[in-house]
Amino acid sequence: MRWTQQLIPTLREVPQEAEIASHQLLLRAGLIRKLAGGLYTFLPLGRRALRKVEQIVREEMDRAGALEILMPAMHPQELWEQTGRFAVLKDVMFKIKDRQERNMVLGPTHEEVATELVAHEVQSYRQLPLNLYQIQTKFRDEIRPRFGLMRAKEFIMKDAYSFDADEAGVERSYRAMYTAYERIFKRCGLRTKAVEADSGAMGGSASHEFMVLADAGEDGLVECDACCYAANLDRAEGLHRGPREFAGAELPPAVVPTPGRRTMAAVAAFFQAPPARLIKTLIYLADQQPVAVLVPGDREVNELKLQRVLQATALVLADDATIARVTGAPVGFAGPVGLPLRIVADEKLQGYRGAITGANQPDAHLINVDLARDARIAAFADLSNALDGDSCPRCAAGRLHARRGIEVGHVFKLGTKYCTALGAGYLDAAGVRQTPIMGCYGIGVTRTLQAVLEQSRDDHGIIWPISIAPCAVEVLPINVQHAPTLQAALALTAALEHAGCDVLLDDRDERPGVKFKDADLLGLPIRVNIGEKSLAKGVVEIKLRHNGSLTAVPPEQAPAAVQACAQELWAAVAP
RNA sequence: CGGGGUGUAGCGCAGCCUGGUAGCGCGUCAGCCUUGGGCGCUGAAGGUCGCGGGUUCAAAUCCCGCCGCCCCGACCA
């Protein structure tokens with residue numbers, strides 16, 4: 001493959017639209033171009049890499065016994081109404097009408113369609129288990145598309161749906177997918193971490209996310225340094241460390257003027273107290289009803305947890321006017337003592353004495369608060385996010401560490417919700433009608449591609465794992481006007497291609513510097529420099545992108561030497 | 001949707017405050033030169049200054065409205 005006959009528009013400068021490294025590299029290396037926010041064209045090299053990721057996914061899904069199908073991207077809206085998910089997901093769905101004015105949606109995911117298929121085609125336990133998957137474009141009207149392919153309105157996803165006769169079967173299917181995912185990401189050259197996750201809008205019981213650890217990741221997670229516990233911050237159950245009793249525990253509450261101190265930091269500084277000694281009081285509207293929520297001053301409320309505890313369908317922070325009305329004080333001075341509201345408290349506050357809270361009057365706080373003595377708490381529950389340094393909820397010894405991650409895969413156990421709603425059933429061996437138990441398993445294919453770049457790069461550009469590199473080798477003739485150089489390059493390219501190697505020949509009549517810089521930016525794993533000087537010494541140079549190692553070999557030995565390098569690189573991404 | 005920023009040549013930017021000929025670097029095209037890390041010289045092409053309205057003799061510049069894009073928050077593969 002010749003550079004001059006390709007479309008590889010590399011960019012010398014960083015496009016101002018791109019913030020994170022992987023997004024910049026996608027654009028600079030000429031892999032993608034933006035059409036509009038959240039909508040991207042894959043250019044030839046980007047498409048080649050994407051295809052390789054898809055193929056790895058396909059091979060591993062097949063290996064795990066899943067069956068590839070292809071479902072429509074466009075669905076009748078009615079199907080979504082049948083499971084009740086239209087109401088849940090209508091804001092993220094693109095809605096269109098056909099010429100008959102029928103309501104259609106573009107699928108953000110395919111549980112309904114897959115289940116509908118199974119409802120029609122599966123009648124007997126002999127047909128189970130069944131695992132159907134597809135690799136297809138999904139559409140989501142994201143609130144905020146971001147970071148290039150990371151959060152796009154249109155993206156390629158591998159989605160699989162398993163149907164089993166019983167719980168043991170679901171467990172096997174789930175495990176098979178979990179293992180397949182580990183193999184897939186390993187083969188893509190990614191270091192991932194599987195974390196316990198919330199099942200969100202999917203519903204269902206168990207769920208794990210596969211996270212690519214990266215500072216640019218959108219998700220928070222914690223992992224234990226002693227055992228294998230790891231969880232998404234949405235669900236992580238960090239255990240409180242540190243004191244619950246503070247100075248003044250025995251004293252009655254006392255009002256202290258704190259003019260203008262309305263933030264945790266300001267109040268903590270005012271009292272010269274650690275933020276953990278403060279109790280943060282937030283007023284939420286749970287289905288329109290005001291509720292007070294208490295968490296330690298150094299923690300954030302976890303709204304997912306809160307929503308579950310309150311069993312609320314709509315949960316929002318109360319507006320300033322409501323807060324003033326129910327607490328009798330402006331924002332920043334709410335506290336649990338004497339507050340005429342339902343109060344729920346984070347379990348980490350249990351036994352808090354000598355704490356500091358708002359006084360429910362303007363510009364004042366209360367000290368010496370003993371939560372059990374001075375306030376009426378309706379319920380204690382886990383309502384806050386875990387914090388770096390918390391104790392591990394699984395093992396006594398470990399401490400949790402906070403990390404950032406990119407969610408590239410997600411596996412769920414879904415139960416019978418969809419099958420029941422859509423009438424999927426089968427007859428068991430005894431002739432009794434049963435409902436299949438479902439699991440679903442997603443991989444963001446386009447996002448995975450970008451995650452690789454986020455994790456595998458240096459200051460000069462991309463460092464492709466050989467398994468998904470657009471090409472394995474770049475042949476770089478330093479001066480194409482020097483006939484012997486070009487000839488040697490052509491010969492090597494032909495030999496490698498004949499051996500089944502993907503090769504990019506940079507046949508541009510450009511300055512060496514330009515070609516070297518582009519080669520580093522593009523980041524193909526193996527590069528062969530061919531130039532007049534080394535040729536005069538009877539050698540060409542093989543340079544590996546990932547470690548910069550340079551070996552000189554005679555031109556006639558180059559194909560074999562390159563193959564040997566390639567073999568080593570492949571071994572590094574073997575599952 | 002709320003908050004912040006930004007929109008001038010393919011890309012990166014200056015000019016705007018203080019209204020008066022639209023500029024710089026890179027890239028592109030032609031020619032010369034050069035050939036082991038974004039080389040040098042000469043010449044050229046390329047712009048409805050995001051869109052609409054207003055103020056003014058005159059608007060990239062001032063005013064009003066709209067739109068796109070980027071960042072922070074709620075959503076998720």
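Bear in mind the structure is a predicted one, so any value in this text is a computation, not a measurement. Letters A, B, ... mirror the listed sequences (proteins, then strands); counts begin at 1.
- Here the side chain of A/Lys34 is nearest to one of B/U35, B/C69, B/C39, namely B/C69.
- A salt bridge is absent between A/Glu142 and A/Lys153: the closest approach of a Lys/Arg side-chain nitrogen to an acidic carboxylate oxygen does not fall below 4.0 angstrom.
- Side-chain N/O atoms of A/Arg140 include none lying less than 4.0 angstrom from OP1 or OP2 on B/A77.
- By the 6.0 Å and 45° rule, A/Arg85 does not stack over the aromatic ring of A/Trp80.
- Looking at residues 183-190 of chain A, you'll see that no heavy atom sits under 4.0 Å from any atom of RNA chain B.
- Residue A/Arg144 has no polar side-chain atom (N or O) positioned under 4.0 Å from OP1 or OP2 of B/G2.
- Atom CG in A/Leu535 sits about 13 Å away from atom P in B/G36, given to the nearest Å.
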**OP:** Indicate for each nucleotide in nucleotides 4-14 of chain B, in 5' to 3' sequence, whether protein heavy atoms under 4.0 Å reach the base (B), only the sugar-phosphate (S), or nothing (-).
**Re:** -------BSS-
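- Residues from residues 510-534 of chain A that place a heavy atom under 4.0 Å from any atom of RNA chain B, listed by number: A/Arg511, A/Pro512, A/Gly513, A/Val514, A/Phe516, A/Lys517, A/Asp518, A/Asp520, A/Arg527, A/Asn529, A/Gly531, A/Lys533, A/Ser534.
- Within 4.0 Å (heavy atoms only), A/Ala152 reaches at least one base atom of the nucleic acid.
- Only the C1' atoms considered, B/C51 is 24 Å distant from B/G12, to the nearest whole Å.
- One finds no salt bridge joining A/Arg403 and A/Asp215 here, because no Lys/Arg side-chain nitrogen approaches an Asp/Glu carboxylate oxygen to under 4.0 Å.
- Taking the P atom of each, B/C64 and B/G5 are spaced 15 Å apart, rounded to whole Å.
- Here A/Lys193 does not pair with A/Glu209 in a salt bridge; the nearest charged N to carboxylate O distance is not below 4.0 Å.
- Comparing A/Gly37 and A/Met150 by the nucleotide of RNA chain B that holds the closest heavy atom to each, the one mapping nearer the 5' end is A/Gly37.
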